Amino acid sequence: MQDVVIVGAGVAGLCAALAAAPRPVLLLSRGRDGVESASALAQGGIAAAVGEGDDPQAHAADTFAAGAHHNEVAAVMSLVQAAPAAVEWLAALGVPFDRDGRGWRLGREGGHGRARIVHAGGDGSGLAIVRVLARAVKAASHVRWLEDWELRGLGVRDGRVVAVRARDAGGHLQEFRAAAVLLATGGIGALFGATTNPPGADGAGLALALAAGAAARDLEFLQFHPTALAVPEARPRPLLTEALRGAGAVLRDDEGRPLMAGQHPLGDLAPRDIVARRLFRHLREGGRCWLDATALAERLAAEFPTVAGICARRGLDPARQWLPVAPAMHYHMGGVAVDADGRTTLPGLFAAGEVACSGVHGANRLASNSLLEAVVAGRRAGAAMRAAPARVAAAADSVELGVGATSSDLTRLRRWMDAALGPERDAAGLRRALTCIAADVGLAGSWQGRLAGRLLEAALARPVSLGAHFRCDGISSPEAPACPASRASSR
Ligand SMILES: Cc1cc2nc3c(=O)[nH]c(=O)nc-3n(C[C@H](O)[C@H](O)[C@H](O)COP(=O)(O)OP(=O)(O)OC[C@H]3O[C@@H](n4cnc5c(N)ncnc54)[C@H](O)[C@@H]3O)c2cc1C
């Protein structure tokens, strides 16, 4: 029986690899042990209605509200109902989720009406989960994991994806026959200047799926996290988890005034798009934004060791001083269009996790729903791949990712992406970025340039503001505060 091939070793790829058993799996990933993934950087945790008095309906209501009701209803209901069992499954596998005398110790994040976030190691949730999953995958006899391999192309026969072309660390290209292929390659933050994403989140999997003709969905919806530490030179920018605000930290301006006062009924815990836009505008007007976590002084070391470490490495003391923050590109709601089992529109090709879009996150993802989606969708896709044909014929054609941009080309691309596809957009800025990329010799023929073009076109095609897609020159959604259009159009 031929292998199914999974590309990517974040939470989605690792969960899929386990769920595909007993089908033989070939797992290919950049980096080793899954630790170079966005999954390993996750701090806050996994959302699930496991608290006393909570229920999946309430989780769903918060998901719809954060997503500006652009969410796919069936996908949301299925995700929130699967959440408690997903957490139990991870715990049974050995993930050391934090508990207190009454059960799970729950955190609260933006957009959630109550504490609902299960976490591990305080704010070290992602790494704790990845370590346990990677250990389980390495122990699984049905999985062969090739680390430090780079996806380069797909092999196709009669319209079906039947192979993966990948390159090892020595530059050697190989084709692997595949009864089915799952892309679990994560997000696209590395295409932006200010991002919380790791360098490997460059969108290669998405670019290749689109080049092969797979349908895309909601590409214009990008989430900016409001509280990345404002250290402009850092790639990625260190994240200060929203759970800090859930525990009582406050966003302030230079004078100490609460930045979210009067902006939204949930104040500092408003959905991310709303908080990010508020900070983005304040910074554009010349102000500075600060996260005041001094009230948590006694709790930082035990409950937020990752944040405490980030600050200590930069000589900052969050127990005594406010931390400078700015929004940074964080998560892609859009991606390769998939059904409930991760099937794309191309036979033989599946996608799960951040690279995919089932519509579950709508126009703005609810905090801590993405690790949840990576677990649930990854496992569903892995299970669905068990039914792939026993054997497929050799590829007759190939679709290549193509030439990549150089690092100086990427620096220019990131500048245009930051300017045109930030928390606020307008047609003039989007068209300008498209024109600049098309006229740029280094970028126009690169796969990154082509992918950027698809994102910009998607944003142009939606003239109305919705969730995280805010058009200064369009019609605002009811919850979004009015935009100072004159300043925006002169950007
Ligand atoms: C700093 C940070 C904090 C976050 N905190 C939370 C949180 O608390 N809760 C939450 O729900 N979400 C959080 N998120 C979002 C969440 O972590 C991600 O959306 C989720 O982990 C994505 O999982 P994934 O498996 O789809 O992709 P990833 O975890 O990014 O994994 C992608 C994998 O694909 C590999 N890959 C990529 N391209 C290629 C290629 N061309 N060839 C071979 N391999 C490739 C990568 O190396 C990696 O192994 C956070 C994100 C960040 C960046």
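Computed from a predicted model, the values in this text were never measured in an experiment. Atoms within a ligand are numbered from 1 in the order they appear, just like the ligands themselves. FYI, side chains are in, hydrogens and waters are out, and symmetry mates aren't considered; it's all heavy atoms of this structure.
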K.L.:
Does the pair N71 and T63 meet the rule for a side-chain hydrogen bond (donor to acceptor under 3.5 Å, both in side chains), with working shown?
P.N.:
CA-CA 8 Å; N71 320 62; T63 301; over 6 Å; no
K.L.:
If only atom types and distance count, is the side chain of E242 paired as donor or acceptor with the main-chain N or O of G110 below 3.5 Å?
P.N.:
yes
K.L.:
Where is the tightest heavy-atom contact between D33 and E147, given as atom of each residue plus distance?
P.N.:
N-OE2, 2.6 Å
K.L.:
Do E175 and R167 pass the salt bridge (Lys or Arg N to Asp or Glu O under 4.0 Å) test, and can you show the C-alpha distance, the side-chain angles, and the key distance before you say yes or no?
P.N.:
CA-CA 9 Å; E175 183 163 301; R167 197 168 57 192; over 6 Å; no
K.L.:
Using the ring pair (Phe, Tyr, Trp, His ring centres under 6.0 Å) rule, collect all pairs that involve residues 180-209, keeping only residues at least two apart or in two chains.
P.N.:
none
K.L.:
Mind checking whether H59 and H112 have parallel, tilted or perpendicular rings, split at 30° and 60°?
P.N.:
tilted
K.L.:
Residues around ligand 1, heavy atom under 4.0 Å from any ligand atom, sorted by chain and number. Can you pull those?
P.N.:
V7, G8, A9, G10, V11, A12, S29, R30, S37, A38, S39, L41, A42, Q43, G44, G45, W149, E150, L151, A184, T185, G186, T196, N197, G200, A204, L239, H330, Y331, G353, E354, R365, S368, N369, S370, L371
